[in-house]
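The structure appears below as structure tokens.
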Amino acid sequence: MGSFLSSLLGSSGSPSEDSPSSSESSRVLTFHSAPRWQLHFNSVKETPKLMVIDFSASWCGPCKFMEPVLNEMAAKFTEVEFVKLDVDELPDVAQEFGVQAMPTFVLVKQGKEVDRVVGAQKNELEKKVEKNKC
């Protein structure tokens with residue numbers, strides 16, 4: 001399925017290539033354009049899969065702190081989809097989800113928000129992913 005998504009989404013939809021931790025094979029997808037994000041979001045909301053959307057910014061210190069944490073969770077919770085969006089690149093998407101602080105993690109199932117964590121709260125995020133992954 002990964003190659004199918006890659007062919008649909010191009011390189012921007014593949015696991016993050018521009019993050020410092022991309023040397024290990026990250027399972028966190030990064031989107032840089034609203035149309036590609038929307039295409040992906042629409043395809044995932046047809047499934048019961050949990051998606052964790054990390055709204056962050058390149059200048060945000062706590063976001064940088066959470067990046068390796070998100071990569072670890074993506075490796076641990078392989079049945080969950082992890083996505084990273086930069087609020088400066090996709091401000092309309094951030095606004096659509098009501099993001100007012102970074103990092104904000106929005107947990108979505110079938111296109112609907114089921115939970116949210118605001119701030120670099122590793123333990124809280126892990127608890128909510130564990131609770132909602134089924």
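Keep in mind that what you see is a predicted model, and the values were worked out from it rather than measured.
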Study note, to complete from the structure: By side-chain contact (heavy atoms from CB on, under 4.5 Å), Pro62 pairs with (sequence neighbours left out) Cys60, Pro103, Ala120
Check your understanding: Side-chain contact, heavy-atom cut-off 4.5 Å: Met66 with Gln121?
Key -> no
Study note, to complete from the structure: Between the CD atom in Glu113 and the CG atom in Asn132, the distance rounded to the nearest 0.5 Å is 10.5 Å
Study note, to complete from the structure: Sequence neighbours excluded, the answer for side-chain contact (heavy atoms from CB on, under 4.5 Å) partners of Asn42 is Gln38, Lys45
Point to revise | Gap between atom CG of Asp86 and atom CE of Met102 - 0.5 Å precision | key: 8.5 Å
Review point. Looking at Arg27, Lys109, Lys49, which one forms a salt bridge (charged side-chain N to carboxylate O under 4.0 Å, His left out) with Glu81?
Key: Lys49
Point to revise | Gln100 atom CD, neighbour heavy-atom count above 12 within 6.0 Å | key: no
Review point. Judged by atom type as modelled, is there a donor-acceptor pair below 3.5 Å linking the side chain of Lys128 to the main-chain atoms of Arg116?
Key: yes
Practice item. Go through the steps for Phe105 and Asp115 under the test side-chain contact (heavy atoms from CB on, under 4.5 Å), then give the verdict. Key: CA-CA 8 Å; Phe105 301 92; Asp115 224 327; over 6 Å; no
**Study point:** Contacts of type salt bridge (charged side-chain N to carboxylate O under 4.0 Å, His left out), residue Lys76, not counting sequence neighbours
**Key:** Glu126
Review point. From Leu85 CG over to Thr104 OG1, what is the distance, rounded to the nearest 0.5 angstrom?
Key: 11.5 Å
Exercise for review: Indicate if Val118 and Phe97 have the same hydrophobic cluster label, given that clusters are the connected sets of ILVMFWY residues with side-chain heavy-atom separations under 4.5 angstrom.
Suggested key: no
Exercise for review: Please examine the side chains of Leu39 and Phe41, heavy atoms only from C-beta on, and report whether any two atoms are closer than 4.5 Å.
Suggested key: no
Point to revise | Non-hydrogen side-chain atoms of Leu107 and Val129 separated by less than 4.5 Å | key: yes
Check your understanding: How many angstroms lie between CD in Glu89 and OG1 in Thr30, if you round to the nearest 0.5 Å?
Key -> 9.0 Å
Practice item. Can you see which heavy atom on Val83 is nearest to which on Val28, and at what distance? Key: C-CG1, 4.2 Å
Exercise for review: Report yes or no: does Thr47 contribute a side-chain atom to a donor-acceptor pair with the main-chain N or O of Val44 at less than 3.5 Å?
Suggested key: yes
In residues 50-58, what donor-acceptor pairs under 3.5 Å come from side-chain atoms, sequence neighbours left out?
none

Practice item. Check Met73 against Lys122 and note the closest heavy-atom contact, atom names and distance. Key: CE-O, 3.5 Å
Revision key, fill the gap. Closest non-hydrogen contact found for Ser33 with Leu90 is C-CD2, 3.5 Å
**Study point:** Non-neighbouring partners of Glu124 that pass side chain to side chain donor-acceptor pair (under 3.5 Å), sequence neighbours left out
**Key:** none
Study note, to complete from the structure: Hits for side-chain contact (heavy atoms from CB on, under 4.5 Å) against Glu79, two or more places apart or cross-chain, chain-then-number order -> Phe77, Lys133
